[in-house]
Student: 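Sharing a structure below in structure tokens format, with a few things to ask.
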Protein chains: 2
Amino acid sequence: MNTLADGTAEHAHTTAWIASVLRSRIAAGELTPGSKLSEEPLSAALGVSRNTLRQAFSTLAGESIVTRIPNRGVFVASPGVEEVREIYRVRRMIEPAAVLWGDVTPKVLDNLEAIVQQAQQARDSGSVPDMADANQSLHRAVVALTGSTSLQGLMDRVLAEMRLVFHSMSSAPDFHSHYVDRNVTLVKQLRAGKREEAAAGLRAYLDSAEAELLAHLGDEQDRQSELRQRAV
Amino acid sequence: MNTLADGTAEHAHTTAWIASVLRSRIAAGELTPGSKLSEEPLSAALGVSRNTLRQAFSTLAGESIVTRIPNRGVFVASPGVEEVREIYRVRRMIEPAAVLWGDVTPKVLDNLEAIVQQAQQARDSGSVPDMADANQSLHRAVVALTGSTSLQGLMDRVLAEMRLVFHSMSSAPDFHSHYVDRNVTLVKQLRAGKREEAAAGLRAYLDSAEAELLAHLGDEQDRQSELRQRAV
DNA sequence: AATCGAAGATTGTTCAACAATTTTTCCAGA
DNA sequence: TCTGGAAAAATTGTTGAACAATCTTCGATT
């Protein structure tokens, strides 16, 4: 995927294209949370004008992938405790709602089962990234039950922010392996038509996932402040 | 509200300022759905450069207040049948979810009761706009139960789009009066802690509101195509 | 009257410049 | 040596002009 130094590919909505380039670089962890995106160097590196880069920034800021501080520049968003809480506030509403009131068709159920199978395979082969991907796919698919593009978009934003959270953690322990089984039961419950149970279980899942993530984030911050201390 | 021909008020985040000006003009119905926002005249009228107006457009497009057609310009969004369906898909998920799982405090209940009282007053005095406002306030407050700024933001966008729908209708009959009582019972159920009932009732309310709105929208389109026919 | 093609207008993008603000540098004074 | 703070440098916010690409309009031709 050669993204820079191309120069060509003119006039195909440059601004959206630049936005997508930055988006994937951030998602890939190439641009780490908190790092500054200076206009002049970046525009030069990407081969676009400062002006269009700026417009791409607006797009990404709207997706809260990037935070803009007036007169100080834009930075890759680095979600903290409050952001994680907000993420789970959203998920704890829309995911169970999708389970309770979404349009559960046999086709969708097959899809969900395929995803949990992928997750199981990933766990068996010990690939944490694949497991994370499968997990995100599952929850994305759950929200898709709503049939709403807006809710899907909100969920996508939230999941992108989740990836940022993981990127900002130096040590990324295995959050996902012990949730695979829960996902399996979730799909089983859906298949059985037990929506209330599924929704309740999903809420419990989200609660514990949030708690675990927040705990680890606290440790992380402690470690960082420790380092800071040591640096003095 | 003198918005243009001011010239001063320099350097206070012009782009955001312009975006908010356009946003309120559209919300007020000054700029009607479907009307084109040409860059050169508008930038001249607002006293800003075409470039910053353009950036403001990006913001508003992100809020789907405005739709951007490549190489053809930006237009005030004019939501149709599909958009209304999407609006209610969203509302039918997040409002009942907020009722079921939101944080219902006595303070919030008082607030909700104050709002339904306003709605009743508006109905008694026959003020349809006030009733519409109170109705929107109520549903906004319901979503606030989630405590999530993202969901609140999504709801705000949705309600803004609702206003556009109403603005795009030549005849705006009284949608709201026969929903006031339903809102009253909703708050009563919340006060009584009967969340499941409240959520179910709310979903029924949203279903019928959507149906009614879609029916009227269909009539509207029929009328318009009739006019178009007559013009030929 | 319908079709095709050439002006004309509008949007998308870039460049260069300047004002406003932040950050850095550096020096005087304690 | 350390601190305070003013000057200098760097960066962001905004503007205006310019040009390519695309859409629109209008007229010429058949």
Side-chain angles (χ1 to χ4, degrees), chain A residues 3-23 26 31 34-62 64-78 228 231-232, chain B residues 3-23 26 31 34-78 231-232:
Chain A
T3 44
L4 66 90
D6 203 33
T8 52
E10 301 286 339
H11 247 287
H13 288 304
T14 320
T15 201
W17 179 44
I18 292 296
S20 81
V21 168
L22 291 176
R23 204 181 292 119
I26 292 171
L31 298 168
S35 59
K36 182 173 181 180
L37 303 178
S38 301
E39 296 187 350
E40 199 179 353
L42 236 193
S43 62
L46 292 168
V48 298
S49 85
R50 200 159 71 88
N51 229 327
T52 49
L53 175 62
R54 195 151 235 290
Q55 200 154 328
F57 280 163
S58 292
T59 303
L60 297 178
S64 60
I65 288 175
V66 123
T67 58
R68 184 167 232 160
I69 305 180
N71 290 318
R72 302 213 24 203
V74 316
F75 304 80
V76 179
S78 80
R228 218 174 298 134
V232 174
Chain B
T3 43
L4 64 91
D6 202 30
T8 53
E10 300 288 338
H11 248 287
H13 291 303
T14 322
T15 202
W17 159 259
I18 292 297
S20 80
V21 167
L22 291 176
R23 205 181 290 120
I26 292 172
L31 298 169
S35 60
K36 181 174 181 179
L37 303 178
S38 300
E39 296 187 352
E40 200 180 350
L42 236 193
S43 61
L46 292 167
V48 297
S49 86
R50 195 161 74 87
N51 230 326
T52 49
L53 174 63
R54 195 153 235 290
Q55 201 155 327
F57 279 164
S58 291
T59 302
L60 298 177
E63 302 172 16
S64 61
I65 288 175
V66 123
T67 58
R68 184 167 232 161
I69 305 179
N71 290 317
R72 302 214 24 204
V74 314
F75 304 81
V76 179
S78 81
V232 175

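No experiment lies behind these values; they were computed from the predicted model shown. To find a chain, count down the sequence lines: A is the first, B the second, and so on, and within it residues start at 1.
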Student: Determine the minimum heavy-atom distance between B/Ala77 and B/Thr67, stating which atoms define it.
Tutor: CB-CG2, 4.1 Å
Student: Nearest whole Å is fine: how far is D/dT12 C1' from A/Leu53 CG?
Tutor: 12 Å
Student: Ignoring the backbone of A/Lys36, work out which of C/dG12, D/dT12, C/dT11 is nearest its side chain.
Tutor: D/dT12
Student: OP1, OP2 of C/dT13 versus side-chain N and O of A/Ser49: anything below 4.0 Å?
Tutor: no
Student: Let me know the distance between CD of B/Glu39 and P of C/dT10, rounded to the nearest Å.
Tutor: 11 Å
Student: What's the shortest heavy-atom distance between A/Ala56 and A/Ile18, and which atoms?
Tutor: CB-CG2, 3.8 Å
Student: For A/Glu40 and C/dC18, give me the distance from atom CD to atom P, rounded to whole Å.
Tutor: 16 Å
Student: For A/Phe75 and D/dT11, what is the distance between atoms CZ and C1' respectively, to the nearest whole Å?
Tutor: 11 Å
Student: Nearest whole angstrom, please: distance from the P of C/dA9 to the CG of B/Leu42.
Tutor: 19 Å
Student: Could you give the CD-to-P distance, from A/Gln55 to C/dT11, as a whole number of Å?
Tutor: 14 Å
Student: Between A/Thr52 and B/Ser38, which has a closest nucleotide on DNA chain C that is more 5'?
Tutor: B/Ser38
Student: Give the intermediate values and the outcome of side chain to side chain donor-acceptor pair (under 3.5 Å) for residues A/Ser58 and A/Arg68.
Tutor: CA-CA 9 Å; A/Ser58 292; A/Arg68 184 167 232 160; 3.2 Å; yes
Student: How many angstroms lie between atom CG of A/Leu22 and atom CG of A/Leu46, to the nearest 0.5 angstrom?
Tutor: 6.0 Å
Student: A/Asn51 or B/Arg72: which one's nearest nucleotide on DNA chain C is closer to the 5' end?
Tutor: B/Arg72
Student: Between CZ of A/Phe57 and OG1 of A/Thr15, what distance do you get to the nearest 0.5 Å?
Tutor: 10.5 Å
Student: What nucleotide among C/dT13, D/dT12, D/dC23 has an atom nearest to a side-chain atom of A/Arg50?
Tutor: D/dT12
Student: Measure from the side-chain heavy atoms of B/Val48 and tell me the nearest of C/dT13, C/dG12, D/dT15.
Tutor: D/dT15
Student: Could you tell me how far apart B/Ile69 (CD1) and C/dG12 (P) are, to the nearest whole angstrom?
Tutor: 11 Å
Student: In whole angstrom, give the distance that lies between atom CH2 of A/Trp17 and atom C1' of C/dG12.
Tutor: 15 Å
